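Here the structure is laid out as structure tokens; the discussion comes afterwards.
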Amino acid sequence: MQYITKSYDETHNLGVEFASKLKEGTLIALDGDLGAGKTAFTTGVASGFGVTETVTSPTFTIVNEYRSGRIPVFHFDVYRLSSMDDLYDIGWDDYVAQNGIILMEWASIVKDDLDYPYYEINITKRLDLGDDVREISIEYRGEKL
């Protein structure tokens with residue numbers, strides 16, 4: 001599926017709408033350039049699950065946990081990791097076992113080694129159409145839902 005958003009709010013709202021279609025244990029692999037809107041989309045997904053904390057990019061912490069919603073939301077930023085082994089070292093299996101929603105920014109670094117079905121979301125800045133315009137593609141990778 002392809003979407004065009006024209007503002008932060010539209011990107012956020014697309015995340016909220018997308019969250020309504022998700023079930024516990026879903027993994028979402030996000031990719032896009034710096035400032036493309038990965039965290040805006042993630043904020044929307046978290047809002048869709050009732051998260052009340054402020055969602056921020058976990059650039060330096062690797063993972064932020066949000067537990068105020070209906071189910072836990074785990075927001076990873078794997079930009080500073082070099083392999084899936086690094087994820088296992090910080091407790092990846094424990095996060096997966098909690099059956100929450102996992103959103104992973106910069107997922108291209110590890111997604112070839114993911115052995116779970118996941119949504120692949122690519123966000124591209126469309127500066128040719130305007131400063132805040134984003135093209136967002138969403139595809140499911142894995143077993144049929």
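Computation of the quantities below employed the complete heavy-atom set of this structure, encompassing side-chain atoms and omitting hydrogens, waters and symmetry-equivalent molecules. Remember, predicted model here, so these are calculated numbers, not experimental data. Residue numbers start at 1 and run along the sequence shown.
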Donor-acceptor pairs under 3.5 Å, side chain of residues 2-9 to any protein atom, not counting sequence neighbours: which ones?
unit_1	atom_1	unit_2	atom_2	d
T5	OG1	T11	OG1	2.7
S7	OG	D9	N	3.4
S7	OG	E10	N	3.1

All N/O donor-acceptor pairs, side-chain side in residues 43-54, below 3.5 Å, sequence neighbours left out:
unit_1	atom_1	unit_2	atom_2	d
T43	OG1	T39	O	2.8
S47	OG	H12	NE2	3.3
S47	OG	T43	O	3.0
T52	OG1	S68	OG	3.1
E53	OE1	S68	OG	2.4
E53	OE2	R67	N	3.4

Take D31 and I123, measure what side-chain contact (heavy atoms from CB on, under 4.5 Å) needs, and give me the verdict at the end. CA-CA 6 Å; D31 276 300; I123 304 176; over 6 Å; no
Apply side-chain contact (heavy atoms from CB on, under 4.5 Å) to the pair I101 and I28, showing each step before the final yes or no. CA-CA 8 Å; I101 300 298; I28 302 161; 4.1 Å; yes
I would like to know whether R126 and R134 meet side-chain contact (heavy atoms from CB on, under 4.5 Å); could you show each step before the answer? CA-CA 5 Å; R126 291 296 309 269; R134 303 297 188 256; over 6 Å; no
side-chain contact (heavy atoms from CB on, under 4.5 Å) evaluation trace for W92 with M84: CA-CA 9 Å; W92 173 254; M84 195 70 191; 3.5 Å; yes
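Nearest heavy-atom pair, S57 versus E105, reported as atom, atom and distance to 0.1 Å: OG-OE1, 4.0 Å. The shortest heavy-atom contact between P117 and G142 is CB-CA, 3.9 Å. Residues W106 and D33 approach most closely at CH2-C, 4.0 Å, considering heavy atoms. Nearest heavy atoms, I109 versus V78: CD1-O, 3.4 Å. Smallest separation of non-hydrogen atoms from I90 and Y95: O-CE1, 3.8 Å.
The side-chain heavy atoms of M104 and V110, taken from C-beta on, include a pair separated by under 4.5 Å.
Within 6.0 Å of CG on D131 lie no more than 12 heavy atoms contributed by other residues, nucleotides or ligands. More than 12 heavy atoms of other residues, nucleotides or ligands lie within 6.0 Å of CG in L127, so this atom counts as buried by the packing criterion.
Residues that satisfy the side chain to side chain donor-acceptor pair (under 3.5 Å) test with N64, not counting sequence neighbours, are T56, T61, Y66.
In this structure, Y118 has its ring center no closer than 6.0 Å to that of Y140.
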